[in-house]
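To start, the structure itself, in structure tokens.
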There are 4 protein chains.
Amino acid sequence: MYKKLHIQIEDQSGLPVYRQVMDQIQQYVVTGALESGDQLPSIRELASQIGVNPQTVVKAYGELEHSGILEMRRGRGAFLSDGARALAGIDYSRQLRERIHSLVREALQAGYHPEQLSDIFEEMIEEIGSSPSLREAGSEPDLKIIGGGSP
Amino acid sequence: MYKKLHIQIEDQSGLPVYRQVMDQIQQYVVTGALESGDQLPSIRELASQIGVNPQTVVKAYGELEHSGILEMRRGRGAFLSDGARALAGIDYSRQLRERIHSLVREALQAGYHPEQLSDIFEEMIEEIGSSPSLREAGSEPDLKIIGGGSP
Amino acid sequence: MYKKLHIQIEDQSGLPVYRQVMDQIQQYVVTGALESGDQLPSIRELASQIGVNPQTVVKAYGELEHSGILEMRRGRGAFLSDGARALAGIDYSRQLRERIHSLVREALQAGYHPEQLSDIFEEMIEEIGSSPSLREAGSEPDLKIIGGGSP
Amino acid sequence: MYKKLHIQIEDQSGLPVYRQVMDQIQQYVVTGALESGDQLPSIRELASQIGVNPQTVVKAYGELEHSGILEMRRGRGAFLSDGARALAGIDYSRQLRERIHSLVREALQAGYHPEQLSDIFEEMIEEIGSSPSLREAGSEPDLKIIGGGSP
DNA sequence: GTGGTCTAGACCACG
DNA sequence: GTGGTCTAGACCACG
């Protein structure tokens, strides 16, 4: 009935959990993995999946609703709004390139050698790319369609 | 008498202010813009400069002291410790790996292929790594020396 | 649900309040009165019990967390870490040596002969070491268990 | 003209420096090493000897004056008052024994073996007792008479 | 001037 | 309920 999200929380990052949830959902929208009308997991479902308190998901969904990306329909669930993609922000690939750019710039400035940096990247890509949860679904590796279309 | 820091607080980032202060000072140390023995702005000075309560800077400086990067000298000020660069480097390299990890995870999760991602990285590393500005002007990017030499 | 601590603040001692709190909790751990996994009073609870501002307890708990003795779990409380006893023991033994050092220095400085001092020490050690109360009742001297077992 | 004091400041103790100065002077009085009418070093003299700021000694002398132990005579110096010994407190040897007693009790309770404790004591006594600054003066090892009697 | 501690009170994130 | 961060303001120790 809804699309299963793979949300991963990092404790070290310093970012509030609800924000990490928000960011990752928003990212799904930006990449087109989630589309207008799609149903999200219920608050309880997502909370238990990622191992946090339901209130934390309530907060994340609430913020997304506030920004117009999500619509909570009482008794039915959470759905991506019509304008979701436009609201979710700029082109993800541009955003991604910018993040990589500033990361690389900073690291080289901090004294890392290009080869070192390259090695770390390759190591991470291999490590994460070969993890079982991502390997299956191909081009949309972290999204599985659980039920049908939108309501 | 001390080195003026350009610390930029972003309210949107979700990171606590004291953490942003810590991270940016650490970045100065890692890039070599701040060196062992250098005096930092006083707590009150930095607090008023970035517009926060002194206690917030106390917290940031205190954490840096805990990690051995800073030395607080009562009545005299805050100074970079002898092993500052090495210690900051260790911290930074851990943080860098975490940032790369999240970035890669998110990108793969969003549907990028490992090869695509790898290509973008290599491209960025080559582009930035070959720019001449990094090896010259980049070493003291955001710092002005106020007053005389170090104490 | 948590172990009630009897923390006594001495205004005359010259030691900061947060330090007195730290030292006394550490003492509980070293003597085995508090063990790994035990829950401590909440910050607010302890603060109101000893009549100080919560921030003061935050500082004490924070320092103990830094030294690895305590684990703060957001929304759940403060718990003694796994290695608490070993870590507290290291700290304590350092402090003990310092205290003995000052005491001996002061006494010699005040005119005591090394032999006199040595005699007093041996006398005390023998007197206290042979008292039976130490091996029985002494192990949980100031602690009452509130509520059920440990979490 | 005045009695030279050997004051030793310990940075780790957490006690304010001015208080360590006070305590040690008071101790000299209690043990009889300093007597009514004796002149103390000047503020500057003592400050430079122990390596602290003169204001710190001002504070210590001020507190001792406040408690009636010291008399500051403008332009002449600092002298022990008539009632100094009575005001300085109880018999030092009793006080010393009490400190040793609670230290030993605590350490045994914390799990130290009597032999361990004894070893630490002997080690400290030997180490400090053989230090050159204490070896010379015999029964009043840390006090040298610099000038004559009281004014 | 410098850092260090503490209070009273607020609001947030999380369970 | 729990801990975490921040403010405004005070006073202390030290140089």
Side-chain angles (χ1 to χ4, degrees), chain A residues 9 11 14-21 47 51-60 62-63, chain B residues 1-2 9 11 14-21 39-47 50-63 65 70-79 151, chain C residues 1-2 9 11 14-21 39-47 51-63 65 70-79 151, chain D residues 9 11 14-22 47 51-60 62-63:
Chain A
I9 302 304
D11 282 340
L15 288 170
V17 174
Y18 85 92
R19 210 177 197 286
Q20 297 186 45
V21 173
V52 301
N53 189 286
Q55 280 301 336
T56 303
V57 178
V58 166
K59 171 92 175 186
E63 295 289 322
Chain B
M1 296 315 216
Y2 64 86
I9 301 305
D11 283 341
L15 287 172
V17 174
Y18 84 89
R19 246 278 210 151
Q20 297 185 45
V21 172
Q39 181 169 12
L40 295 182
S42 78
I43 287 172
R44 289 161 171 82
E45 167 78 21
L46 184 54
I50 61 185
V52 301
N53 187 285
Q55 281 293 1
T56 302
V57 178
V58 166
K59 171 95 175 177
Y61 277 19
E63 294 292 322
E65 188 181 26
L70 230 60
E71 264 178 47
M72 310 301 290
R73 302 188 194 147
R74 161 109 73 175
R76 310 225 266 123
F79 301 83
Chain C
M1 295 316 218
Y2 64 86
I9 301 306
D11 283 341
L15 287 172
V17 174
Y18 84 90
R19 244 287 210 143
Q20 297 185 46
V21 172
Q39 181 169 11
L40 295 182
S42 77
I43 287 173
R44 289 161 170 83
E45 168 78 21
L46 184 54
V52 301
N53 188 285
Q55 281 293 0
T56 302
V57 178
V58 166
K59 171 94 175 178
Y61 276 19
E63 295 292 322
E65 188 180 27
L70 230 60
E71 265 178 45
M72 309 300 290
R73 302 187 194 147
R74 163 109 75 175
R76 309 225 266 124
F79 301 83
Chain D
I9 302 304
D11 283 340
L15 287 171
V17 174
Y18 86 92
R19 210 177 197 285
Q20 296 186 45
V21 173
M22 276 179 67
V52 302
N53 188 285
Q55 281 299 337
T56 303
V57 179
V58 167
K59 171 90 176 189
E63 294 289 323

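Each chain gets a letter, A, B and so on, in the order its sequence line appears, and its residues count up from 1. Quick note: numbers below take in every heavy atom, side chains included, and nothing from hydrogens, waters or symmetry partners.
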I'd like a table of atom pairs between the protein and nucleotides 5-9 of chain F - only N or O on both sides, under 3.5 Å - with the distance next to each one.
| unit_1 | atom_1 | unit_2 | atom_2 | d |
| --- | --- | --- | --- | --- |
| dT5(F) | OP1 | Tyr18(B) | OH | 2.9 |
| dT5(F) | OP2 | Lys59(B) | NZ | 3.4 |
| dT5(F) | O4 | Gln55(C) | NE2 | 3.3 |
| dC6(F) | OP1 | Val17(B) | N | 2.3 |
| dC6(F) | N4 | Gln55(C) | NE2 | 2.1 |
| dT7(F) | OP2 | Asn53(B) | N | 2.8 |
| dT7(F) | OP2 | Thr56(B) | OG1 | 2.6 |
| dA8(F) | N7 | Asn53(B) | ND2 | 2.7 |

Item to complete: Measure distances between side-chain N and O atoms of Arg44(C) and base N and O atoms of dG1(F), and say whether any donor-acceptor pair falls under 3.5 Å.
Response: no
Fill in: Pairing residues for Arg44(B) by the salt bridge (Lys or Arg N to Asp or Glu O under 4.0 Å) criterion, not counting sequence neighbours
none
Practice prompt. Go through the steps to decide whether Val58(C) and Asn53(C) satisfy the test side chain to side chain contact (heavy atoms under 4.5 Å, CB included), and finish with yes or no.
Written response: CA-CA 9 Å; Val58(C) 166; Asn53(C) 188 285; over 6 Å; no
Worksheet entry | 5'-most by nearest nucleotide on DNA chain F - Ser42(C) or Gly75(B) | Ser42(C)
Worksheet item: With sequence neighbours excluded, what pairs up with Glu71(C) under the side-chain contact (heavy atoms from CB on, under 4.5 Å) test?
Response: Arg73(C), Ser81(C)
Worksheet item: Whole Å only: how far is the CD1 atom of Ile43(B) from the P atom of dG1(E)?
Response: 14 Å
Response to the item:
Taken in chain and number order and not counting sequence neighbours, the residues that satisfy side-chain contact (heavy atoms from CB on, under 4.5 Å) with Glu45(B) are Tyr2(B), Pro41(B), Ser42(B)
Item to complete: Kindly say whether, by distance alone, the side chain of Arg76(C) makes a donor-acceptor pair under 3.5 Å with the base of dG3(F)?
Response: no
Worksheet, complete the sentence: Secondary structure of DNA chain E per the Watson-Crick/G-U criterion (both distances under 3.5 Å; [ ] crossing, | other strand, . unpaired) is ||||||||||||||.
Item to complete: Could you tell me which residues satisfy side chain to side chain donor-acceptor pair (under 3.5 Å) with Gln55(B), sequence neighbours excluded, listed by chain and number?
Response: none
Item to complete: Just jot down the salt bridge (Lys or Arg N to Asp or Glu O under 4.0 Å) partners of Arg74(B), sequence neighbours excluded, or say none.
Response: none
Worksheet item: So do the side chains of Ile9(C) and Val21(C) get within less than 4.5 Å of each other, counting heavy atoms only?
Response: yes
Fill in: Between C1' of dC12(F) and CG of Asp11(C), the distance in whole Å
14 Å
Worksheet item: Whole-Å distance between dC14(F) C1' and Met22(D) CE?
Response: 16 Å
Item to complete: State which residues pass side-chain contact (heavy atoms from CB on, under 4.5 Å) with Ala78(B); sequence neighbours excluded, sorted by chain then number.
Response: Leu40(B), Tyr61(B), Leu70(B), Met72(B)
Worksheet item: Within this structure, what is the CZ-to-C1' distance between Arg73(B) and dG1(E), rounded to whole angstrom?
Response: 16 Å
Item to complete: Would you kindly give the CE-to-P distance between Met72(B) and dT2(E), to the nearest whole Å?
Response: 11 Å
Worksheet item: By salt bridge (Lys or Arg N to Asp or Glu O under 4.0 Å), which residues pair with Glu63(B), not counting sequence neighbours?
Response: none
Discussion item. Distance check needed: dG15(E) P versus Gln39(C) CD, whole Å only.
Written reply: 15 Å
Discussion item. Whole angstroms only, please: what is the CZ-C1' distance between Arg74(B) and dG1(E)?
Written reply: 14 Å
